[in-house]
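Residue numbers count from 1 along this sequence. Remember, it's a predicted structure, so these values are computed and weren't measured experimentally.
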Amino acid sequence: MDAPRTRSSSFSPIFAGLLGLIFNAAVLCSGGITSSFVRVSQKSVDMPLDADVFRVPPGYNAPQQVHITQGDHEGKAVIVSWVTVDERGSNTVLYWSEKNSTKKLKAKGMVTKYKFYNYTSGYIHHTTIKNLQHNTKYYYEVGIGHTTRTFWFVTPPEVGPDVPYTFGLIGDLGQTFDSNRTLTHYQSNPSKGQAVLYVGDLSYADDYPNHDNVRWDTWARFVERSVAYQPWIWTAGNHEIDFAPEIGETKPFKPFTHRYHVPYNASDSTAPFWYSIKRGPAYVIVLASYSAYGKYTPQNLWLQEELPKVNRSETPWLIVLMHCPWYNSYVNHYMEGETMRVVYEPWFVQYKVDLVFAGHVHAYERSERISNIAYNIVNGLCSPVSDLSAPVYITIGDGGNIEGLATNMTEPQPKYSAYREASFGHAILDIKNRTHARFGWHCNQDGNAAEADSMWFYNRHWHPVDDSSAKL
């Protein structure tokens, strides 16, 4: 467990504050802040399979692994997914609004199964509830005819520029005691997230012998306590590839695509790994770090057509999710995102993307607003420079998985890196209106979620003033 972040001091508060300002100024001039917070270095430990968080719900054919995500482009539909084990059972969802509990509606979906090596999945159900009212609480019931379970969700407000909305941010979660601490902290955060932007790497089933797909089941039961009640917007990471020719499994992403459906058709995407949604004041684009992205590829052609569609008068906040970070000053996965950056970064600057969130590196890092679009191999302009049309890049692959923290950092800290810390945690992005959003990263510490880094972001379209914490 991490040691307390607070430290006792004999200095007066005023003197200590002045000293802190002087110290921080010196640190910023050298490229940013590397947290001096010292944590116990230890490997993350998986929760035992008989832990309460993995409990199978009681009752014959009881639905388990219930999860929801956005089901259309505008936020008026929800995809409800669950698994039944004893038999196929009903794929009907009963749902009703809090405003009219006597009128229960029905939605029917589809069922799928898959085999992976020596594992056979349960019956995986996916049903899309459509034509929902904005900003409304709905209850829904699954398991009709056998053991029914009831959950609820709240639809987002109507898409608009000054609609407040709060996102949680989690990545690389896994199913360790640290994972449980992260999810508990997120759920208890006073700044209540209304939906989660999930930046990839879910169960880490591929870290177990023969890609043990039972670990997909346990993970889904573990996160049900959140994702059954608010949508998680899914990004595919490298641990979702599940490519294992040594055991005869040569179809990438098989478990992920069977279990986690996304509304990719609604944004004219041809694959579930890249797509977009609108939610409140935000336009969220999900990209695939592990699908082809070069010129002439389907993802490239889609993004080239997608970015001009974003109406910043309707959805002022343009957010991109991916798994592999482009700017990363940790030794782990250093420069793995470079080829994708070369292809897409000019577009991000041209269309003034506000924020880019990634995972993959098991730590936290926030960049300044920078770009490296001038670099063309031969001109020698190989250092990122301040660019007020560029996004802030945030790595938040710190959910708590079995592989542990990425503690080795490149030295010295690059000037583009504003803050970095090797701790587990989660983040909250609280969009206030078309011009301002507050971001806070909360590290796991002593049973509490301590906010270790925060920043007010100014919208690149409506309020493009300098919100950097340092001059490069």
Side-chain angles (χ1 to χ4, degrees), residues 69-73 79 169 171-172 197-202 206 232-243 250-279 282-311 315 317-328 333 335-361 371-373 375 390-391 393-397:
T69 192
Q70 186 158 315
D72 66 352
H73 203 238
I79 300 172
L169 286 134
D172 299 69
L197 303 179
Y198 194 88
V199 294
D201 282 1
L202 283 64
D206 63 343
W232 287 27
I233 309 304
W234 302 109
T235 308
N238 58 297
H239 285 278
E240 279 69 74
I241 299 174
D242 277 305
F243 178 72
T250 57
K251 184 178 181 180
F253 299 101
K254 184 198 285 187
F256 177 74
T257 53
H258 276 83
R259 292 170 180 272
Y260 293 93
H261 283 193
V262 297
Y264 68 96
N265 287 320
S267 55
D268 299 320
S269 170
T270 55
F273 311 114
W274 57 89
Y275 63 100
S276 69
I277 61 166
K278 300 175 186 177
R279 198 163 186 89
Y283 201 104
V284 180
I285 292 177
V286 178
L287 295 181
S289 298
Y290 304 98
S291 298
Y293 46 74
K295 196 171 184 179
Y296 312 121
T297 63
Q299 182 173 197
N300 187 292
L301 293 172
W302 175 82
L303 184 60
Q304 191 172 1
E305 294 182 358
E306 181 70 11
L307 284 166
K309 294 178 183 178
V310 182
N311 180 359
T315 49
W317 291 91
L318 179 52
I319 299 168
V320 176
L321 310 181
M322 62 182 68
H323 185 63
C324 186
W326 293 355
Y327 289 96
N328 164 38
H333 309 303
M335 289 191 72
E336 283 185 20
E338 181 66 4
T339 54
M340 192 180 197
R341 181 199 66 78
V342 170
V343 176
Y344 290 154
E345 188 179 28
W347 294 352
F348 283 20
V349 174
Q350 177 185 350
Y351 291 99
K352 297 184 177 180
V353 172
D354 292 290
L355 296 162
V356 177
F357 294 101
H360 201 39
V361 178
S371 72
N372 203 9
I373 58 177
Y375 177 49
Y393 294 88
I394 295 176
T395 299
I396 188 162

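- Counting heavy atoms from C-beta outward, L287 and Y293 have side chains that stay 4.5 Å or more apart.
- By the 30° and 60° cut-offs, the orientation of the rings of H360 relative to Y290 is perpendicular.
- The CG atom of N372 sits 7.0 Å away from the CD atom of E338 when rounded to the nearest 0.5 Å.
- Rounding to the nearest 0.5 Å gives a distance of 10.5 Å between OG1 of T257 and CZ of R259.
- Looking at N328, its side chain never comes within 3.5 Å of a backbone N or O of M335 through a donor-acceptor pair.
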Would K309 and D268 satisfy side chain to side chain contact (heavy atoms under 4.5 Å, CB included), going step by step from the backbone distance to the final call?
CA-CA 12 Å; K309 294 178 183 178; D268 299 320; 3.3 Å; yes
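- Remark: the backbone N or O of S267 is paired with a side-chain donor or acceptor of W302 at under 3.5 angstrom.
- In this structure, I277 and P263 approach most closely via the heavy-atom pair CG2-CG, 4.1 Å.
- Here CD1 of I79 is found 9.0 Å from CG of D72. Values are rounded to the nearest 0.5 Å.
- The two residues V262 and P272 have their closest heavy-atom pair at CG2-O, 3.3 Å.
- Between atom CD1 of residue I233 and atom CG of residue L169 there is a gap of 11.0 Å, rounded to the nearest 0.5 Å.
- Residues R341 and Y393 are not in side-chain contact: their nearest non-hydrogen atoms beyond the backbone lie 4.5 Å or more apart.
- The environment of K295 atom NZ is sparse: at most 12 non-hydrogen atoms of other residues, nucleotides or ligands sit within 6.0 angstrom.
- Under the 3.5 Å distance criterion, the side-chain polar atoms of Q70 are matched with a main-chain donor or acceptor of K278.
- P308 has its side chain within reach of Y351: a pair of non-hydrogen atoms, C-beta onward, lies under 4.5 Å apart.
- Relative orientation of the Y344 and W326 rings is tilted, given thresholds of 30° and 60° on the angle between their planes.
- The shortest distance between side-chain heavy atoms of V320 and F357 does not fall below 4.5 Å.
- Looking at heavy atoms from C-beta onward, L202 lies in side-chain contact with E240 at the 4.5 angstrom threshold.
- The aromatic ring centres of Y283 and H73 sit less than 6.0 Å apart.
- For S289 (side chain) and C324 (main-chain N/O), a donor-acceptor pair under 3.5 Å exists by modelled atom type.
- Nearest heavy atoms, T395 versus Y327: OG1-O, 4.0 Å.
- Residues T270 and P298 share a closest heavy-atom pair of OG1-CB, 3.9 Å.
- Looking at S269, its side chain does come within 3.5 Å of a backbone N or O of W274 through a donor-acceptor pair.
- Taken from CG in L307 to CG in L318, the straight-line distance is 6.5 Å, to the nearest 0.5 Å.
- Smallest separation of non-hydrogen atoms from H261 and T69: O-CG2, 3.3 Å.
- In this structure, CG in D172 is found 7.5 Å from CG in N238, a value given to the nearest 0.5 Å.
- Annotation: side chain of N300 is in contact with side chain of W347 (closest heavy-atom distance under 4.5 Å).
- Counting only distance, with no hydrogens or angles, the side chain of T235 and the backbone of M322 share no donor-acceptor pair below 3.5 Å.
- Here the side chains of F256 and D242 are not in contact, with every heavy-atom distance at 4.5 Å or above.
- For the pair P325 and V361, the tightest heavy-atom approach, listed with the atom from each and the gap, is CG-CG2, 3.9 Å.
- Annotation: side chain of Y275 is in contact with side chain of W234 (closest heavy-atom distance under 4.5 Å).
- Looking only at atom types and distance, the side chain of S276 has a donor-acceptor partner in the side chain of E306 under 3.5 Å away.
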